[in-house]
Amino acid sequence: MSIDITWGRGDGAASVTTVAELDATLSSVAQDHPERLPYCVTLVAPSGADFPVMLDICVGHPQRSFVYHVGADGSSAWGYEPDLEAGPPFTFDYAGTPTDAWPERTRVSNASAREAARQFLTSNGQRPSALAWEILD
């Protein structure tokens with residue numbers, strides 16, 4: 001399966017089909033822009049549904065990330081690690097707009113966010129099992 005990845009406001013876009021390509025893209029985003037804010041990176045899987053199937057993760061913060069998933073049925077959820085406390089407040093780049101991360105939404109390590117992205121790619125856009133999920137009404 002191929003997924004599309006975007007970050008920043010026109011800063012970048014890629015399509016990937018393998019975990020190695022995904023990892024390389026995410027590493028490039030995190031390392032190539034150390035002087036900028038961390039990025040919200042959006043991964044979009046083809047679904048043929050009314051809603052885009054997507055996963056947002058934060059890339060580039062030294063310690064924390066967030067993970068947000070939207071399913072083909074329009075359901076959405078925030079991922080978290082049950083044993084991880086709320087993270088420190090920080091600002092990230094959301095499509096070119098500085099945006100404050102909610103500490104309760106940053107209960108995700110960088111390693112777990114990357115694993116969630118890998119699972120999103122290899123599962124055809126399903127909600128990754130690497131995290132627990134707070135499903136939104």
Side-chain angles (χ1 to χ4, degrees):
M1 175 179 91
S2 176
I3 61 171
D4 293 326
I5 304 173
T6 60
W7 60 94
R9 180 177 292 158
D11 292 338
S15 290
V16 300
T17 57
T18 68
V19 168
E21 291 172 341
L22 173 65
D23 285 342
T25 300
L26 296 177
S27 292
S28 176
V29 171
Q31 295 171 0
D32 287 348
H33 306 289
E35 73 283 356
R36 294 188 183 179
L37 296 173
Y39 280 111
C40 175
V41 175
T42 300
L43 294 76
V44 180
S47 70
D50 291 338
F51 294 93
V53 175
M54 60 177 238
L55 189 78
D56 284 340
I57 69 170
C58 180
V59 174
H61 188 272
Q63 300 159 341
R64 292 298 181 103
S65 186
F66 54 76
V67 178
Y68 178 73
H69 181 265
V70 177
D73 61 357
S75 66
S76 62
W78 286 98
Y80 65 96
E81 293 177 57
D83 296 331
L84 197 59
E85 296 291 326
F90 65 88
T91 301
F92 63 95
D93 179 308
Y94 182 74
T97 301
T99 304
D100 293 332
W102 301 333
E104 65 273 13
R105 299 294 185 214
T106 62
R107 292 178 54 197
V108 180
S109 67
N110 290 323
S112 292
R114 292 282 185 109
E115 182 57 29
R118 291 179 194 113
Q119 289 180 0
F120 181 79
L121 170 66
T122 60
S123 71
N124 204 25
Q126 296 298 309
R127 189 168 289 142
S129 63
L131 299 168
W133 294 92
E134 178 187 345
I135 298 174
L136 303 177
D137 294 326

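What's counted below: heavy atoms across the whole structure, side chains too, no hydrogens, waters or symmetry copies.
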**Q** Could you report the tightest heavy-atom contact between A13 and T6, atom names first, then the distance?
**A**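 Heavy atoms of A13 and T6 come nearest at CB-CG2, 4.2 Å.
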**Q** Grab the two heavy atoms, one from P98 and one from L37, that are nearest each other, plus how far apart they are.
**A**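 Where P98 meets L37 most closely, the heavy atoms are CB-CD1, 4.0 Å.
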**Q** Run the side-chain contact (heavy atoms from CB on, under 4.5 Å) test against S112 and tell me which residues pass, sequence neighbours left out.
**A** E81, V108, S109, L131
**Q** Determine, stepwise, if the pair L43 / L121 fulfils side-chain contact (heavy atoms from CB on, under 4.5 Å).
**A** CA-CA 9 Å; L43 294 76; L121 170 66; 5.9 Å; no
**Q** With W133, which residues qualify under ring-ring contact (aromatic ring centres under 6.0 Å, His included), at least two apart?
**A**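 Result, ring-ring contact (aromatic ring centres under 6.0 Å, His included) vs W133: none returned.
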**Q** How would you list all residue pairs meeting salt bridge (charged side-chain N to carboxylate O under 4.0 Å, His left out) that involve residues 107-120, not counting sequence neighbours?
**A** D23-R118, E115-R118
**Q** Flag the pair V16 / I5 as yes when at least one side-chain heavy-atom distance between them is below 4.5 Å, and no otherwise.
**A**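 Of all side-chain heavy-atom pairs linking I5 with V16, at least one is under 4.5 Å.
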**Q** Do C40 and W7 have side-chain heavy atoms sitting under 4.5 Å apart?
**A** no
**Q** Could you go through R9 and T97, starting from their C-alpha distance and side-chain angles, then the distance that decides it, and tell me whether this counts as side-chain contact (heavy atoms from CB on, under 4.5 Å)?
**A** CA-CA 8 Å; R9 180 177 292 158; T97 301; 3.4 Å; yes
**Q** Of all residues at least two apart in sequence or in a different chain, which pass the ring-ring contact (aromatic ring centres under 6.0 Å, His included) check with Y80?
**A**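 Partners of Y80 under the ring-ring contact (aromatic ring centres under 6.0 Å, His included) test: none.
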**Q** Under the side chain to side chain donor-acceptor pair (under 3.5 Å) rule, collect the residues that match up with D56, sequence neighbours excluded.
**A** T42
**Q** Is any side-chain heavy atom of P128 less than 4.5 Å from a side-chain heavy atom of H69?
**A**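 Touching, per the 4.5 Å side-chain cut-off.
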**Q** With sequence neighbours excluded, tell me which residues meet side-chain contact (heavy atoms from CB on, under 4.5 Å) with P46.
**A** M1
**Q** Do the side-chain N and O atoms of T17 and E21 include a donor-acceptor pair separated by under 3.5 angstrom?
**A**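 T17 vs E21: donor-acceptor pair found between side chains.
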**Q** What residues form a side chain to side chain donor-acceptor pair (under 3.5 Å) with T122, not counting sequence neighbours?
**A**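 Result, side chain to side chain donor-acceptor pair (under 3.5 Å) vs T122: none returned.
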**Q** G8 and D93: which non-hydrogen atoms are nearest, and at how many Å?
**A** CA-OD1, 3.5 Å
**Q** State which residues pass side chain to side chain donor-acceptor pair (under 3.5 Å) with D100; sequence neighbours excluded, sorted by chain then number.
**A**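 Per chain and number, D100 pairs via side chain to side chain donor-acceptor pair (under 3.5 Å) with T91.
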**Q** Identify the heavy atoms of A30 and V59 that sit nearest to each other, and give their distance.
**A** CB-CG1, 3.4 Å
**Q** Would F90 and L84 show up in the same hydrophobic cluster when neighbours are defined by side-chain heavy atoms closer than 4.5 Å?
**A**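 As far as the 4.5 Å side-chain criterion goes, L84 and F90 are not connected within one cluster.
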**Q** Of all residues at least two apart in sequence or in a different chain, which pass the side-chain contact (heavy atoms from CB on, under 4.5 Å) check with P89?
**A** P103
**Q** State which residues pass salt bridge (Lys or Arg N to Asp or Glu O under 4.0 Å) with R105; sequence neighbours excluded, sorted by chain then number.
**A** E134
**Q** What is the minimum heavy-atom distance between T25 and A14, and which atoms define it?
**A** CG2-CB, 4.1 Å
**Q** Can you tell me if T106 uses its side chain to pair, donor with acceptor, with the backbone of S65 under 3.5 Å?
**A** no
**Q** Any idea how W78 and W102 line up, ring-wise: parallel (<30°), tilted (30 to 60°), or perpendicular (>60°)?
**A**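 W78 vs W102 ring planes: tilted.
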**Q** Sequence neighbours excluded, which residues qualify as side-chain contact (heavy atoms from CB on, under 4.5 Å) partners of Q63?
**A** H61, P88
**Q** Compare every heavy atom of V53 with every heavy atom of G125, then report the nearest pair and how far apart it is.
**A** O-CG1, 3.2 Å
**Q** Using side-chain heavy atoms (C-beta onward) and a distance below 4.5 Å, is V44 in contact with I3?
**A**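 In short, these two side chains do not touch, never coming nearer than 4.5 Å.
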**Q** Not counting sequence neighbours, which residues clear ring-ring contact (aromatic ring centres under 6.0 Å, His included) with F92? List them please.
**A**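 Only F66 meet the ring-ring contact (aromatic ring centres under 6.0 Å, His included) criterion with F92.
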**Q** Is the shortest heavy-atom distance from the side chain of P38 to the side chain of R64 under 4.5 Å?
**A**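 Not in contact.
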**Q** Does the Q119 side chain pair with the main chain of A130, one donor and one acceptor, at a distance under 3.5 Å?
**A**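 Yes; judged by distance alone, with no hydrogens or angles, the pair exists.
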**Q** side-chain contact (heavy atoms from CB on, under 4.5 Å), that's the test. Do Y39 and C58 meet it? Break it down for me.
**A** CA-CA 6 Å; Y39 280 111; C58 180; over 6 Å; no
